[in-house]
Amino acid sequence: MTNKLPGWDDTIVALATPPGVGAIGVLRLSGQEAIAIANALFPSKDLSVQPTHTLHVGLLKEGSAILDEAVISLFRAPRSYTGEDVAEISCHGSPFVLQQVMDACIRRGARPARAGEFTQRAFLNGRLDLAQAEAVADLIASNTLSSQRAALHTMRGGFSEKLGSLREQLIRFSALVELELDFSQEDVEFADRKQFYELVQALSRETSQLIQSFRLGNVIKNGVSVAIIGKPNAGKSTLLNTLLNENRALVSDIPGTTRDTIEEVLNIDGILFRLIDTAGIREHTSDIIESAGMQRSLEKMKQADLVLYLFDAEEMKPEVGRMKSEMETQQLNFLLVANKIDRFGEEKARAKFGEFDKMVFIAAKEHLHTEVLKERMVDTVLQGTVQAESTVVTNARHYHALKEVEKSLADIREGLDKKIPGDLLALDIRRCLHYLGEITGEITNEDQLDYIFSKFCIGK
Ligand code: GDP
């Protein structure tokens, strides 16, 4: 790799475990001096002669002062996370002790690591490509089974492999087209245009599949925003409580959302449903009473990925029908939820509203058919998406690069149709290769890298 960063040769140190008190706390050192620095604090054994992938227990000392009793793990280059020499010092998990050991490392020449710098080094040393490195951050942020799976798949190279094979096939053709340019006087064609056309079409299909998977990827990574809408007394807050009791998600922070607008999150089948404006529901301020209220509700509905229109099964059918057509006009993703069927009668409700599609019949208070509602919510957001087991694009940067790949493939196809000269064709192919390379990091610039890795936490 050519684009080495300032401070690239430094040995870096950071806390790898979360800040605060814990049973143990791990400090990680990486770089040429990593083992020497650990060794300087570890008088009981000479670490410099110890083999890679070994553990050593002993006292950590700085001069005569004992800092802690610790375990040091050694990973020698290139067989480490960063590809450099790495020493991990597992101390007792007191922030005070850890700070003392960290300071001692810094006094011996280490420098505090920047956010994501360990992973950045892993990337620059070729241990991971860029898509894999980004998936490390996604894995750390994952809070559901599906986001964990998608991140693991990418981190372990599933996505990169797919792109790599697209790129390889294109490079082979590009080489032939470029070769023709060397023989431009002689009007030869090394690259069979028909075969090339077929390849480009196959590549377009795969690219558009990946692009489509981003819808699911987005759902997996960021969750689905849901608005519960309905008249006063329809049962909105009852439904909210019922759903929360059954499926409240354990989340501390969801990327891309602000804490004050998002209050409650459900985890249904590994998908996070973020219930928006739950404060409004609890305070009965978002009810559809008059046209101003209706307008407010519409605004809220437009912000949501999914709208649950909740109504009392007693409600007049034409009113529900009006609401339905309004939501269709607005092209919203919605479900009609008839509530209180325990009182109204399920059969009667089904007979009354049966002609509407997108209907679910429940009794929120009695937890009746709420499982059906949840299944429908999952189905509604997954419709038309690819299977979760296949490669799923979850990263917006990859998505945008793939859109560019798609565009340049279309240009290549058009060029072939119009039989444009080889040099112009070669340009389009290069552009396509460029964007494919951007995803995995064959093609990068420093600003972009800094931006990507600055989103990581320190110590990763
Ligand atoms: P909101 O104004 O839409 O938030 O409605 P609430 O959740 O406050 O409910 C209004 C009233 O309907 C309350 O008395 C609830 O107990 C009642 N309610 C809600 N869901 C059901 C249900 O499924 N069956 C019956 N019988 N009553 C319900």
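If you're wondering where the values come from, they're calculated on a predicted model, not measured in any experiment. Whatever order the structure lists ligands and atoms in, that order sets their numbers, starting from 1.
- For the pair Ile362 and ligand 1, the shortest N or O to N or O distance does not fall below 3.5 Å.
- Counting atoms of ligand 1 from 1 in the listed order, those under 4.0 Å from a heavy atom of Asp342 are 22 (C), 23 (O), 24 (N), 25 (C), 26 (N).
- Taking 4.0 Å as the cut-off between side-chain N and carboxylate O, Arg376 and Glu371 do not count as a salt-bridged pair.
- A salt bridge links Glu442 with Arg167: at least one charged nitrogen is closer than 4.0 Å to a carboxylate oxygen.
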* Asked: Given Arg322 and Glu326, is the salt bridge (charged side-chain N to carboxylate O under 4.0 Å, His left out) satisfied, shown in steps?
  -> CA-CA 6 Å; Arg322 263 203 303 282; Glu326 178 64 39; over 6 Å; no
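- By the criterion of a heavy-atom distance under 4.0 Å, neither the backbone nor the side chain of Ile341 is placed next to ligand 1.
- Between Phe353 and Phe361, the ring planes are tilted. Angles from 30° to 60° get that label.
- The residue from His367, Lys236, His369, Lys365 that puts a heavy atom closest to atom 28 (C) of ligand 1 is Lys365.
- The pair Arg431-Asp411 meets the salt-bridge criterion, with a side-chain N (NZ, NE, NH1 or NH2) lying under 4.0 Å from an Asp/Glu carboxylate O.
- Taking all heavy atoms of Glu366, Lys231, Arg343, Lys340 into account, the minimum distance to atom 12 (O) of ligand 1 is reached by Lys340.
- In terms of polar-atom proximity, defined here as any N/O pair under 3.5 Å, Pro232 makes no such contact with ligand 1.
- Between the side chains of Glu406 and Thr207, no donor-acceptor pair of N or O atoms lies under 3.5 Å.
- Closest to atom 2 (O) of ligand 1 by heavy atom, among Leu310, Leu239, Asn233, is Asn233.
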